[in-house]
Amino acid sequence: MVKFGVVVFPGSNCDKDCLWAIKDITGEKADFVWHESKDIMKYDVIVLPGGFSYGDYLRTGAIARFSKVMYAVQKFAVKKNKMVVGICNGFQILLEAGLLPGAMLVNKNLKFISKFIHLSVENNKTAYTNKCVKGQVLRVPIAHGEGNYFCDEKTLNSLIENDQVVFRYCDGQGKINVDSNPNGSLYNIAGIMNKKGNVMGMMPHPERAMSARLGSVDGNLVFQSIVNHVKKYL
Amino acid sequence: MSKYNKANDLEITDELIKEHGLKPGEYKNILTILGRKPTFVELGIFSAMWSEHCSYKHSKPTLKKFPHKGKFVIQGPGENAGIIDTGTDLAVAFKIESHNHPSAVEPFQGAATGVGGILRDIFTMGARPVAGLDSLRFGNPESMNTQRLMSGVVKGIAFYGNCMGVPTVAGETVFEDSYEDNCLVNAMTIGIVEKKKIIKAKASGLGNSVMYIGALTGRDGIHGATFASAELSEETAENRSSVQVADPFMEKLLLEATLELIDKKIMVGIQDMGAAGLTSSSTEMAFRGGVGIELDMDKVPKREKGMNAYEIMLSESQERMLLVAKKGREKQVEKILNKWGLHASVIGKVIKKPNVIIIEKGVVVADIPVYPLTDSNHPLFPLKKQKGVKPAYLKDIDIELDDVRIPEDLEAVLKKLMACPNIASKSNIWEQYDHMVQTNTVILPGSDAAVIDVKDRDFMISTAVDCNGRYVYLDPFKGGKIAMAESARNVSCSGAEPVAFTNCLNFGNPEDPEIFWQFEKAVEGMCDAAKALKTPVISGNVSFYNEGPGGAIYPTPVVGMVGYITGKEKRYAKQYFKDNNDVIVLLGQTKNEIGASEYLKVVHGIIKGPVPDIDMKKEIAVQKTCRQGIKKGIIKSAHDTSKGGLAVALAECCITGTLHGDKPIGAFIELQSDLRLDALLFGETQSRIIVTVDRANLPALRKIAAKNRIAASEIGKTGGNRLMINTDWASKKNCEKINILLDELIELWSKGVNKYV
């Protein structure tokens, strides 16, 4: 079985949701990892969940990146090449920690946005999307105040050239344009990975789209892809 | 330095007594209780504890009329929150509370701290908050003032609830001119607790340590309770220091730490420091335990230098709790708090003499018997025996039906109503609230009720908040009754059995006999409905003095209802149409009623009665039919008719699915009736629910309806991209009254209010 570690920062609030999605729906192993822990090498995948780590005071993710566990996560990802997934606040922390390029701005409408949106799978040859078809439209919720992804032109070009853009916001038919961009993100970016492909951050919450009762099962594809990848290659 | 930073032996003048909101008679009681003149600190404590906000001195005798008992009730009123059984190992805690005045003065912080306060009430009972609801009222949405208030209030609620990770799942936003100077912000929280872990706000065990956890005490919010117990005036802005500042991150840590403390069973009781902070929490905990509490001011963790006992006792700094530890467990308490980056300090102890004793620098600065301070049955407690007088405005309050002209163009009326503030979509409000965190929200905002799943158990929670203040204004008794009936109906529309309710009674100045009459009559009406529905009130809050320079608000007793969806299948229904070619059935009957309606106000500019009739027997039968149909898997969608009547409800059935990405579904309706057309289409007759069924299941539904002795009329079918309503089709002449593209309805309905948010 694949072993996931879900990090709990002070202020994390999607930690329990991620644990539920992994254990109860995907059927794999998962533990909580306290933010002061450095003992994470036993896990196959580390998940940085959503929430308001350290109240998101100062700037989202800006304080969490200095927590003890993040030094271990750096080593886990960079030296050991193991998988790290950041969801929402987790994505913001990965950006602040420099594990992914770019930064988050406040949503274009200056408001917190919580709703179902559509995602287009831009690259299906990744550890996070191998169960999807290229261009497949997923229905997943977002819930954030700062999800307006930004980077300079050079970085964007390199993200595109290296196929690092994993998800883009689109409409129900898969059309990617200004109207289907909920927060003003550059290039409608909803999720990106690093060059090596072992670190991925996404603003939408796949753990909230795990059952028909909750309105969508599309999030399961993300977790199933991760499990598939770990079982195949690691 | 605050104006309260004065020596404790300050001379107690008449002016000082008045400034503390104490009446001469009340001051006399203080002299009798103490047998001497009070100290400055004691005066402050009496002032806070006897403020309307803490003492309920005007409302207590009336509130006793509410039914509090029932087979589900584990904890009724009198604790931090009420608790009901679920028939499993779990129980549900919930309560609603107001934060009106702070929100009117400083909307963002006022609303945020309101949410924080009600969340603490829930988790101090040992329950993890699983859902939040909000009932908001503002003046005209076109006014800049309303837009400023609304934007601040919504941002404040979002700021707090989102950070806490508690989904805000339902609510209402109402606009009426009477709320222009005094907006209403009522917040409700629902939590789930393991029955064996329920803990109460009670001090016991002589010598046990009284401990303080959470944020530091500052000078913010001093006399907030007293501020809440007076009318808002031009000078209110000066009271900005009476509004507290919110720190949801601190509260999130406090939530996790508190639940861990409860889990470890190392406390005997815990209470949050809400209104009147340390004063009310210590006094009330002592009162419930029949003991006294001694507090040492020098040990209270402080944010500012030079704070005196008066300021410390009356501060309303947020995110603080008072607890009584089990003997010898103080270190363990501290360790858990430290784990979450917080501190715990022993600041006092439980004593035998039932007094609150305050020590500052080794000197006793206050020594007050607990009972007269907080027990409404004590002879020296300043309970007010007010008498109500029927308000003069009610003399000429009903319309003559014949004087109201029926408009020619009924489609134009529908369009106008769909775009009017009280009916139009509020999605720009609730999309700012995280409503899906915790992965349990089965029915999302925008339906009659929200539904929260409880994983691994055979039940779900359904909840709604409701009140039509205009109805209550025009007829307090009927209005109160309808508020109850409608909240239960909303919960029934989701498939849930209504179980218990909480209420937030927002009224004007109770010292005015006419306001007090509104209050008494509304409560009587609510009691009537509660008894008929067999749903007790298990918690609540009263907010008086909701008046601005323009007068009192509409009397607004907001009802929060909680119901259960049970059974292995957990069957539920949403309000919007599910499939094409389903049969549309109206449960209940329409009457010739247009009084008090949204239609009468929006189209004719008339705010007059009579308020629609309500027959609880029929109401209960209609709700039961709906629930039974959903539980049997027959009913596919259910929506009650409310503001805007049948036509608006039908339009909502067609288009509200688009809120969460579902397709709109049209309808073809044929109505045969000899009622006035405006009453038929837009009247607000109670006890009606629009449901859809597969044609094959129509006989089964009719059977259920017949058994419950209610009318179930087939009025049309779903399908297409238009809403078409024909009336009097038998005459075959000019029978098409409404024929409109859904896209046009969506456009009007989406922009009506959202453009102001």
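Here is how names work: the chains are called A, B, and so on, in the same order as the sequence lines, proteins then strands, and each is numbered from 1.
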Check your understanding: For B:Leu255, is it the side chain, the backbone, both or neither that has a heavy atom under 4.5 Å from a heavy atom of chain A?
Key -> neither
Revision key, fill the gap. Here the gap from B:His660 atom NE2 to A:Arg139 atom CZ, rounded to the nearest 0.5 Å, amounts to 9.0 Å
**Study point:** Flag side-chain contact, heavy atom, 4.5 Å: A:Arg208 against B:Gln438
**Key:** no
Practice item. Tell me, yes or no, whether the heavy-atom count around A:Lys134 atom NZ, taken from other residues, nucleotides or ligands under 6.0 Å, exceeds 12. Key: yes
Practice item. Mind checking the CD-CG spacing from B:Gln432 to A:Asn107? Nearest 0.5 Å is all I need. Key: 10.0 Å
**Study point:** Atom pair CZ (A:Arg213) and OG1 (B:Thr439), whose distance is rounded to the nearest 0.5 Å
**Key:** 12.0 Å
Practice item. Tell me, for A:Ser12 versus chain B, whether the close heavy atoms (under 4.5 Å) come from the side chain, the backbone, both or neither. Key: backbone
Check your understanding: Between B:Asn440 and chain A, which part of the residue has a heavy atom less than 4.5 Å away: side chain, backbone, both or neither?
Key -> backbone
Exercise for review: Return the orientation label for the A:Tyr54 and B:Phe249 ring planes: parallel under 30°, perpendicular over 60°, tilted otherwise.
Suggested key: tilted
Practice item. Side chain from CB out, backbone as N, CA, C, O: work out which of these in B:Lys339 comes under 4.5 Å of a heavy atom of chain A, or both, or neither. Key: both
Practice item. Would you check if B:Glu431 and A:Ser114 make a side-chain contact, meaning some heavy-atom pair closer than 4.5 Å? Key: no
Exercise for review: Find out whether A:Phe116 and B:Met436 are in side-chain contact, i.e. whether some heavy atom of one side chain is under 4.5 Å from a heavy atom of the other.
Suggested key: yes
Check your understanding: For B:Lys155, does its backbone N or O pair with a side-chain atom of A:Lys111 as donor and acceptor, under 3.5 Å?
Key -> no
Review point. Yes or no on side chain to side chain contact (heavy atoms under 4.5 Å, CB included) for A:Tyr57 and B:Asp247, after CA distance, side-chain angles and deciding distance?
Key: CA-CA 10 Å; A:Tyr57 294 147; B:Asp247 180 356; 2.5 Å; yes
Revision key, fill the gap. Shortest non-hydrogen pair, B:Val437 vs A:Cys14, comes out as CG2-SG, 4.2 Å
**Study point:** Carboxylate-amine/guanidinium contact A:Lys115 B:Asp434, below 4.0 Å
**Key:** no
Review point. How about B:Lys570: does its NZ atom have over 12 heavy atoms from other parts shown lying under 6.0 Å from it?
Key: yes
Point to revise | Separation of A:Phe52 CZ from B:Asn162 CG (nearest 0.5 Å) | key: 5.0 Å
Revision key, fill the gap. One should read off an interatomic distance between B:Lys252 NZ and A:Asn13 CG, to the nearest 0.5 angstrom, of 5.5 Å
Review point. Is atom NZ of B:Lys455 surrounded by more than 12 heavy atoms (other residues, nucleotides or ligands) closer than 6.0 Å?
Key: yes
